[in-house]
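Throughout, a chain's letter reflects where its sequence line sits, starting with A, and its residues are numbered from 1.
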Protein chains: 2
Amino acid sequence: MLSIKDVAQLAGVAVGTVSRVINNSGAVKPETRRRVEQAIQELNYVPNEVARNFKMQKSKMVALLLPSIWHPFFSELAYYIEDELDREGYKLMLCNSSGKPEKELYYLEMLQQNKVAGIVGITYNDIESSVSTDIPIVSIDRHFSKKITCVTSDNYEGGRLALRELVKAGARKPAFMGSVTAVYSETMKRREGFVDEAKAMGVDYVVYEKPDPVTDDDIYYGEFLRDHADVDGVFAITDMFAAKYIERAREQNIRVPEDVKVVGYDGIQDHAYFHPLISTIRQPVEEMARMTIQLLYKKIRGESLDLETYRLPVTFRPGETT
Amino acid sequence: MLSIKDVAQLAGVAVGTVSRVINNSGAVKPETRRRVEQAIQELNYVPNEVARNFKMQKSKMVALLLPSIWHPFFSELAYYIEDELDREGYKLMLCNSSGKPEKELYYLEMLQQNKVAGIVGITYNDIESSVSTDIPIVSIDRHFSKKITCVTSDNYEGGRLALRELVKAGARKPAFMGSVTAVYSETMKRREGFVDEAKAMGVDYVVYEKPDPVTDDDIYYGEFLRDHADVDGVFAITDMFAAKYIERAREQNIRVPEDVKVVGYDGIQDHAYFHPLISTIRQPVEEMARMTIQLLYKKIRGESLDLETYRLPVTFRPGETT
DNA sequence: AAAAAGAGTTGAAACGTTTCCAATTTGGTG
DNA sequence: CACCAAATTGGAAACGTTTCAACTCTTTTT
């Protein structure tokens with residue numbers, strides 16, 4: 001294999017000198033630099049990153065651990081994360097956990113063995129205890145502890161906003177619809193905001209939720225439609241829930257938005273093929289992605305962060321369902 | 001750093017023996033194995049993958065180079081690719097090129113430096129010439145040469161199928177709508193199939209295409225709607241094109257499917273929030289993904305492949321637009 | 001003119017693993 | 001009991017890089 005030694009030999013210098021030329025570290029006489037560069041050119045030499053990573057005991061690789069890249073919210077997030085990483089020469093390793101705790105742990109261990117520089121985690125496990133080493137981690141939408149910084153949208157305000165928009169659109173008895181995930185999931189605050197605002201405004205409301213994961217849509221939505229026939233507004237915890245609800249409701253000749261107003265959360269629909277365009281609480285995905293990586297960089301550099309949780313503001317995006 | 005040496009010392013054996021235990025290579029006495037395993041347990045030792053990669057001069061990392069993970073077709077593909085890779089302990093590195101040739105080349109060079117085990121490429125460049133080393137590559141939808149195996153769907157048959165379905169749905173003057181990409185792109189065969197079948201059936205047809213990339217939708221679709229007001233069927237080269245066309249057509253009070261039947265290509269819509277559900281030529285995404293990785297494995301193992309291009313059959317999935 | 005400072009360079013050690021040859025032990029056989 | 005083959009183990013080399021102490025020149029200062 002072509003190595004730094006070959007370059008050194010051809011240029012008539014020592015390996016250390018070649019290394020200094022390549023990394024621009026230490027002093028090198030212009031004439032020497034020229035000779036080395038020419039030798040590099042001539043041999044078509046490229047540094048061996050694997051050897052470099054080994055020697056340095058660190059790599060410029062960041063892992064993104066999430067349930068499924070197939071989900072549009074995550075794929076948008078991943079797009080911006082990769083872009084932000086690339087700006088600093090970092091590489092992205094993608095890990096789909098399918099939301100299975102055992103797979104999350106399996107990946108976490110693998111990532112430690114591979115000495116990744118950092119991890120962005122969207123997990124169901126409390127990964128804190130599972131990561132023995134000191135790999136920097138930033139989590140999205142999950143707040144475990146001080147050690148793992150969390151980036152999320154302002155779920156509480158989003159919940160309040162959703163309630164207000166439903167009422168504004170004419171709903172008299174809005175329902176919160178979602179699933180119950182773990183306690184550390186920030187998304188639960190969407191319900192809190194919704195409920196608090198309903199109480200504050202003196203609006204009658206319903207909370208409908210089942211434990212995660214919702215496996216049988218027929219039962220989930222069927223039950224809701226049966227037991228809560230009187231609701232005229234739905235705040236779904238995600239756009240996905242909203243879309244499925246709308247689908248089922250229409251099958252039962254419930255018109256959206258005439259009979260029931262619907263507001264989702266996420267704002268994943270940005271292509272022409274999404275209809276109806278769901279009125280939704282839009283998360284600032286790009287900003288969240290870039291901030292996540294910037295915070296991760298800080299952690300990698302060993303800087304301390306001001307906050308445990310960074311909450312980015314959300315906005316209401318009117319669609320065709322209110 | 002905790003290394004194999006510490007384990008060896010604690011277990012009272014040589015490093016080579018520990019290595020043999022870990023990798024199950026060579027013979028080790030049961031009693032010795034037990035002692036080593038206990039030492040590993042006790043120290044909570046995990047092998048350093050980076051060092052291993054370095055020593056072996058290869059890593060179990062495969063790169064996926066594509067325009068944008070944000071696109072639903074690619075994110076579905078990536079999901080299955082990651083899954084298939086994980087089954088053999090391979091890791092996935094994600095590279096978004098944004099479809100820019102210079103970024104493709106930049107990534108390609110980086111991947112060589114990082115000695116990835118293989119590359120799955122969905123690129124606009126002819127990457128053949130850019131990869132000097134012998135990294136195994138499998139390409140999706142692009143056929144460059146013998147060296148780079150290509151996995152694709154049966155675009156030609158898909159084109160024929162689309163034409164037949166449009167006619168079956170009542171179209172008398174169907175149009176092909178798309179963009180012209182590079183000559184090596186297999187997707188161009190969708191048009192060929194469409195045209196050949198139209199001729200074979202004696203059907204009047206239109207071909208409308210602009211050079212890639214289509215930057216201004218207003219002009220693209222506006223021009224089509226103006227110049228081809230008499231078409232009553234559209235075969236769009238992708239579902240994305242189909243969706244955008246439908247959007248514009250409706251703005252001009254053209255009803256789909258009453259006035260114009262539409263068939264797309266890809267089959268990306270698998271969630272409730274897609275409406276109208278586009279009638280489309282569905283690519284077997286999962287199968288393509290798994291086959292791609294299996295072929296890549298063969299190349300990594302140094303086996304030779306039977307074909308240069310592997311074409312998987314497509315199916316017509318009726319939606320609400322025919 | 002001698003000493004000090006600085007610039008440039010060398011060469012070897014170290015990173016953690018695998019692998020291979022040699023050395024040792026084991027077990028079986030004559 | 002001696003001998004041989006097989007099984008097991010030890011130990012060192014090698015992978016390609018960075019880093020650092022030591023060394024050689026060159027320039028500046030006194």
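- The side chain of Val15(B) lies closest to dA12(D) when the candidates are dA12(D), dA14(C), dG8(C).
- Rounded to an integer number of Å, the gap from Ile22(A) CD1 to dT19(D) C1' is 14 Å.
- A salt bridge (Lys or Arg N to Asp or Glu O under 4.0 Å) with Glu31(B) is found for exactly one of Arg34(B), Arg33(B), Lys29(B), namely Arg34(B).
- The CZ-P distance, from Phe54(B) to dA14(D), rounds to 13 Å in whole Å.
- In this entry the distance linking CE of Met56(B) with P of dA13(D) reads 20 Å, nearest Å.
- Using modelled atom types, one finds no donor on one side chain facing an acceptor on the other under 3.5 Å when comparing Asn125(A) with Arg142(A).
- Straight-line distance from the CD atom of Gln113(B) to the P atom of dT17(D): 10 Å, rounded to whole Å.
- The side chain of Ser19(B) lies closest to dT19(C), out of dG16(C), dT19(C), dC15(C).
- Atom C1' of nucleotide dA12(D) and atom NZ of Lys55(B) are separated by 11 Å, given to the nearest angstrom.
- Here Thr32(A) lies in heavy-atom contact (under 4.0 Å) with sugar-phosphate atoms only.
- Within the nucleic acid shown, Ser3(B) comes within 4.0 Å of sugar-phosphate atoms alone, with no base atom in reach, counting heavy atoms only.
- A sub-4.0 Å separation between OP1 or OP2 of dG8(C) and a side-chain N or O of Arg20(A) is absent.
- Going from atom NZ of Lys58(A) over to atom C1' of dA14(C) covers 16 Å, rounded to whole Å.
- Between Met93(A) and Leu111(A) there is a side-chain heavy-atom pair separated by less than 4.5 Å.
- OP1 or OP2 of dT18(C) lies within a sub-4.0 Å distance of a side-chain N or O belonging to Asn23(B).
- Note: CD (Glu31(B)) to P (dT25(C)) measures 16 Å, nearest angstrom.
- The nucleotide whose nearest atom lies closest to any side-chain atom of Ala14(A) is, among dT9(D), dG16(C), dG11(C), dG11(C).
- When side chains are defined from C-beta on, Glu82(A) does not count as touching Tyr79(A), because their heavy atoms never get closer than 4.5 Å.
- Spacing between atom CZ of Arg33(A) and atom C1' of dT9(C) amounts to 14 Å, rounded to whole angstrom units.
- Here the shortest heavy-atom pairing between Trp70(B) and Ser75(A) reads O-OG, 3.7 Å.
- At a cut-off of 3.5 angstrom, counting only N and O atoms as typed in the model, there is no donor on one side facing an acceptor on the other between the side-chain of Lys29(A) and the base of dA7(C).
- One finds a side-chain N or O of Thr17(A) lying less than 4.0 angstrom from the OP1 or OP2 phosphate oxygen of dT10(C).
- Heavy atoms of Val50(B) sit nowhere under 4.0 angstrom from any nucleic acid atom.
- In this structure, Arg52(A) does not reach the dG16(D) phosphate: none of its side-chain N or O atoms is under 4.0 Å from OP1 or OP2.
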